[in-house]
Amino acid sequence: MTPVQQPLTKAPDAGGRPGDITLAFEDNRIAGILFGEHDRNLALIEHHTGVDILPRGNHVTLRGGTQRARALTRDVLEELYRRAGQGHAIDTAEVEGVIRLFATLPVEKAQSPVREIRTRRKVIRPRSAGQKTYLDALAANELVFGVGPAGTGKTYLAVAHGIALLLAGEVERLILSRPAVEAGEQLGFLPGDMKEKVDPYLRPLYDALHDMLTPQRAQRMMADGTIEIAPLAFMRGRTLSHACVILDEAQNTTAMQMKMFLTRLGEGARMIITGDLSQIDLPAGVKSGLRDAVEKLSRVEGVAVVRFSDADIVRHPLVARIVDAYEAAEKAEDQA
């Protein structure tokens, strides 16, 4: 395994301007990976931060912009250098992810370690302040609620965490569930066998799973029951012990369904519940079980509630703008 590179050494300013930050890279090979072909990674960072990055040999000088922007640029370069030293590719997505992460972190948390999830296929890291808080909460609590808009990585990171726990032997099973709300949990009238009936509602969970395990291994683990994907209705009457249990789209549960699900938690189990309270598909007048549970349990010991915002959206940048536009329109309608 490639040794972890130490943080960058700060070189003394030599004739630099007041406010300049100069960084020295100890490994020229890793510095080359960080800079990118024709310094394209440095140009991308400059574009996002407004700071001039002036490379010279194994040194770079950060000049211009605000003091906060220069500090942000320094933090981004140090984190990318560390990741390059671990053997990770430094591509556009990686650079933009690190910029987003440090740009949204409070100043006092910018220097704290960034938690990673390691699966057999990839290393997954937070790409926003909300994601960092979420991963920290998953590591420290038995029950975690991830609440926020689409595109913030709530389900993806939950599945990654569950896979990591399973591969590390910390749990014996991974159970993924969703309410089949469009069918009203009345699945019998749908065509096909039970798997064919419920698969369309559970497809996003399969997609996340296959991004972290080879299809062959995922199929084997589902065949022997190590990984189970099932609609919420199938959880009734069970006690789920020594398992990581994930409930996705939880905004579409009723308060009774949510209570039923929460009380399935058994010995040695972890539970992760995700949902978006702006996309509730329940009949009018029916309170979301996710909203009800968050209100009742947010101060209970061992329970963490992580609220994502638009700043945590890590899909295509247009998704964030779409969410903003819808929210602005809804506010305008409310005020009319």
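Predicted model only: the values in this text are computed from it and were never measured.
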Measure the spacing between [atom1] of [X] and [atom2] of [Y] and express it to the nearest 0.5 Å.
X	Y	atom1	atom2	value
Ile175	Ile246	CD1	CD1	10.0 Å
Met260	Met258	CE	CE	9.5 Å
Asp91	Ile33	CG	CD1	12.5 Å
Arg74	Ile53	CZ	CD1	13.0 Å

>> One pair to check against side-chain hydrogen bond (donor to acceptor under 3.5 Å, both in side chains): His88 and Arg125. What are the steps and the verdict?
In response: CA-CA 11 Å; His88 303 301; Arg125 306 177 187 84; 2.6 Å; yes

Do [X] and [Y] sit within salt-bridge range, that is, some charged N less than 4.0 Å from a carboxylate O?
X	Y	value
Glu46	Arg40	no
Lys296	Asp292	yes
Lys287	Glu295	yes
Glu78	Arg82	no

What is the minimum heavy-atom distance between [X] and [Y], and which atoms define it?
X	Y	answer
Ala71	Ile21	N-CD1, 4.4 Å
Asn141	Ala304	ND2-CB, 3.5 Å
Ile273	Ala250	CG2-CB, 3.4 Å
Gln251	Ser288	O-OG, 2.9 Å
Tyr81	Glu26	OH-N, 3.4 Å
His161	Ala139	CE1-N, 4.2 Å

>> Glu228 vs Leu176, test: side-chain contact (heavy atoms from CB on, under 4.5 Å). Steps then yes/no.
In response: CA-CA 6 Å; Glu228 178 183 350; Leu176 311 173; over 6 Å; no

> Among the clusters formed by ILVMFWY side chains lying less than 4.5 Å apart, do Val294 and Met256 turn up in the same one?
Replying inline: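 Hydrophobic grouping puts Val294 apart from Met256.
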
> Is there a path from Leu54 to Val76 through hydrophobic residues (I, L, V, M, F, W, Y) whose side chains come within less than 4.5 Å of each other?
Replying inline: no

Could you tell me if the side chain of [Y] sits less than 4.5 Å from the side chain of [X], heavy atoms only?
X	Y	answer
Thr133	Arg307	no
Ile117	Val123	no
Val147	Asp276	no
Leu166	Ile227	yes
Arg83	Glu94	yes
Leu247	Leu290	no
Cys244	Arg173	no
Glu96	His48	yes

Using modelled atom types only, decide if a donor and an acceptor are shared between the side chain of [X] and the backbone of [Y] within a distance under 3.5 Å.
X	Y	result
Ser177	Leu232	yes
Lys154	Gly148	yes
Asp39	Leu42	no
Gln257	Thr254	yes
Gln131	Arg127	yes

>> Let's go through Val51 and Leu72 carefully: what are the C-alpha distance in whole Å and the side-chain angles of both, what is the deciding distance for side-chain contact (heavy atoms from CB on, under 4.5 Å) to 0.1 Å, and is it a yes or a no?
In response: CA-CA 9 Å; Val51 172; Leu72 168 63; over 6 Å; no

>> Hydrogens and angles aside, do Thr152 and Asp312 bring a side-chain donor and acceptor to less than 3.5 Å of each other?
In response: no

> Is it the case that Asp211 and Tyr156 place a side-chain donor and acceptor less than 3.5 Å from each other?
Replying inline: yes

>> Apply side-chain contact (heavy atoms from CB on, under 4.5 Å) to residues Leu265 and Leu240 and explain how you reach the verdict.
In response: CA-CA 5 Å; Leu265 189 65; Leu240 307 172; over 6 Å; no

>> Using ring centroids (six-membered ring only for Trp), state whether Phe25 and Phe35 fall under 6.0 Å.
In response: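 Yes: the rings meet the under 6.0 Å criterion.
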
>> Under the criterion salt bridge (charged side-chain N to carboxylate O under 4.0 Å, His left out), I'd like the reasoning laid out for Arg63 against Asp52: C-alpha separation, chi angles, the key distance, then a yes or no.
In response: CA-CA 5 Å; Arg63 177 173 296 166; Asp52 293 328; over 6 Å; no

> Can you list every ring pair (Phe, Tyr, Trp, His ring centres under 6.0 Å) pair that touches residues 280-310, not counting sequence neighbours?
Replying inline: Tyr134-Phe308

> salt bridge (Lys or Arg N to Asp or Glu O under 4.0 Å): which pairs involve residues 155-166, sequence neighbours left out?
Replying inline: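 For residues 155-166: none.
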
> Restricting to pairs with a member in residues 248-269, which pass salt bridge (Lys or Arg N to Asp or Glu O under 4.0 Å), not counting sequence neighbours?
Replying inline: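 Of all non-adjacent pairs touching residues 248-269, those that pass salt bridge (Lys or Arg N to Asp or Glu O under 4.0 Å) are Arg178-Asp248, Arg178-Glu249.
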
>> Applying side-chain contact (heavy atoms from CB on, under 4.5 Å) to Thr73 and Ile45, what does each step give before you reach the verdict?
In response: CA-CA 7 Å; Thr73 305; Ile45 298 170; 3.9 Å; yes

